[in-house]
Amino acid sequence: MADGARDDAGEQPPVLIDPQQIVGAALHAQAEPEPEPEPEPAVPREPPAQQEPLPGLVFIIGAVEKLQATREARGAEVRAALEAVMQVLRPRMQSPQANSGLGPADAEVVLKALALVCGPQSSAATAVVGLDCIEKLVSFRYFATAAAAGDEGGRRALGQRLVQAVVRCFVGEGTADGVQLQIVKALFALLSSDHIAVQQAAMLETIRTTYNVF
């Protein structure tokens with residue numbers, strides 16, 4: 001009896017676990033908010049890259065400035081026409097418009113001036129600069145916007161006017177060699193252009209003039 005009493009005295013009473021405490025602890029753990037992630041350091045934004053001037057703009061402006069210094073520019077009409085061209089081109093150098101080209105109104109201003117400085121009435125030096133200006137304007141796609149704004153007839157009319165300005169500089173065998181070279185270069189630029197249509201009468205004038213030069 002004494003040994004049985006000692007054994008009973010040595011046993012520990014069972015631990016009773018309240019199910020409500022377990023559920024409450026689980027709910028409390030779920031209710032605890034997760035730690036907020038640390039904000040990422042702000043990355044400084046780079047300023048937008050400045051648009052580059054249209055290709056060849058420096059050379060074209062230089063050509064127009066040379067035309068302004070010729071004797072032909074002493075006349076009021078030519079002087080005003082060239083100054084109007086500079087008013088079209090200068091803002092593009094100060095605030096470049098990438099790949100915008102010349103709109104129809106601006107293209108008309110340029111064409112009017114080129115028609116005045118390219119022709120039999122101009123000196124050889126003036127004709128060379130004027131033809132070089134046409135070649136650069138076409139090669140650097142300055143007339144692409146104006147051509148795209150019109151229909152096929154408008155593209156042909158643009159090509160006709162440019163070809164006329166070029167071929168009028170050829171005055172026969174007396175045409176200076178430098179002028180003849182620039183005529184060929186300008187006509188080649190027009191014929192190889194993908195935005196100016198040289199067709200029908202303009203194409204015939206181009207072929208005839210090239211034949212006469214050679």
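These numbers come from a predicted model, not from an experiment. Both backbone and side-chain heavy atoms feed into the values below; hydrogens, waters and symmetry mates do not.
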Check residues 178-187 and write down every donor-acceptor pair under 3.5 Å in which the side-chain atom is one partner and the other belongs to a residue at least two apart or another chain.
residue : atom : partner : partner atom : Å
Gln180  : NE2  : Thr175  : O            : 2.8

Within-4.5 Å side-chain heavy-atom neighbours: [X] and [Y]:
X: Arg161; Y: Glu108; value: yes
X: Met203; Y: Leu191; value: yes
X: Phe143; Y: Leu162; value: yes
X: Asp106; Y: Tyr142; value: no
X: Gln160; Y: Gln200; value: no
X: Glu65; Y: Ile61; value: yes
X: Val198; Y: Leu190; value: yes
X: Cys118; Y: Val166; value: no

Taking a hydrophobic cluster as the set of Ile, Leu, Val, Met, Phe, Trp and Tyr residues connected by side-chain heavy atoms closer than 4.5 Å, whether directly or through intermediates, do [X] and [Y] fall within one such cluster?
X: Ile196; Y: Val109; value: yes
X: Val88; Y: Val58; value: yes
X: Phe188; Y: Val128; value: no

To the nearest 0.5 Å, what is the distance between [atom1] ([X]) and [atom2] ([Y])?
X: Lys66; Y: Cys133; atom1: NZ; atom2: SG; answer: 11.0 Å
X: Thr126; Y: Glu72; atom1: OG1; atom2: CD; answer: 3.5 Å
X: Glu135; Y: Ile60; atom1: CD; atom2: CD1; answer: 9.5 Å

Looking only at non-hydrogen atoms, find the nearest pair between [X] and [Y] and report the distance.
X: Pro120; Y: Arg168; value: CD-O, 3.2 Å
X: Gly130; Y: Leu114; value: O-CD2, 4.1 Å
X: Ser139; Y: Ala189; value: OG-CB, 3.7 Å
X: Ala63; Y: Val129; value: O-CG1, 3.3 Å
X: Val85; Y: Ala113; value: CG2-CB, 3.5 Å
X: Leu67; Y: Thr70; value: O-OG1, 2.6 Å

Which side-chain N or O atoms in residues 207-214 pair as donor and acceptor under 3.5 Å with protein atoms at least two apart or in another chain?
residue : atom : partner : partner atom : Å
Thr209  : OG1  : Glu205  : O            : 2.8
Thr210  : OG1  : Thr206  : O            : 2.8
Asn212  : ND2  : Arg208  : O            : 3.2

Are any side-chain N or O atoms of Arg79 and backbone N or O atoms of Arg74, one a donor and one an acceptor, separated by less than 3.5 Å?
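The answer is yes, because a donor-acceptor pair under 3.5 Å joins these two groups.
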Asp194, CG atom: more than 12 neighbouring heavy atoms under 6.0 Å:
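Yes, CG of Asp194 has more than 12 neighbouring heavy atoms, counting only those of other groups under 6.0 Å.
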Partners of Arg155 by side chain to side chain donor-acceptor pair (under 3.5 Å), sequence neighbours excluded?
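Glu152.
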I'd like to know if Lys112 and Glu77 make a salt bridge, using a cut-off of under 4.0 Å between side-chain N and carboxylate O.
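Glu77 and Lys112: not salt-bridged.
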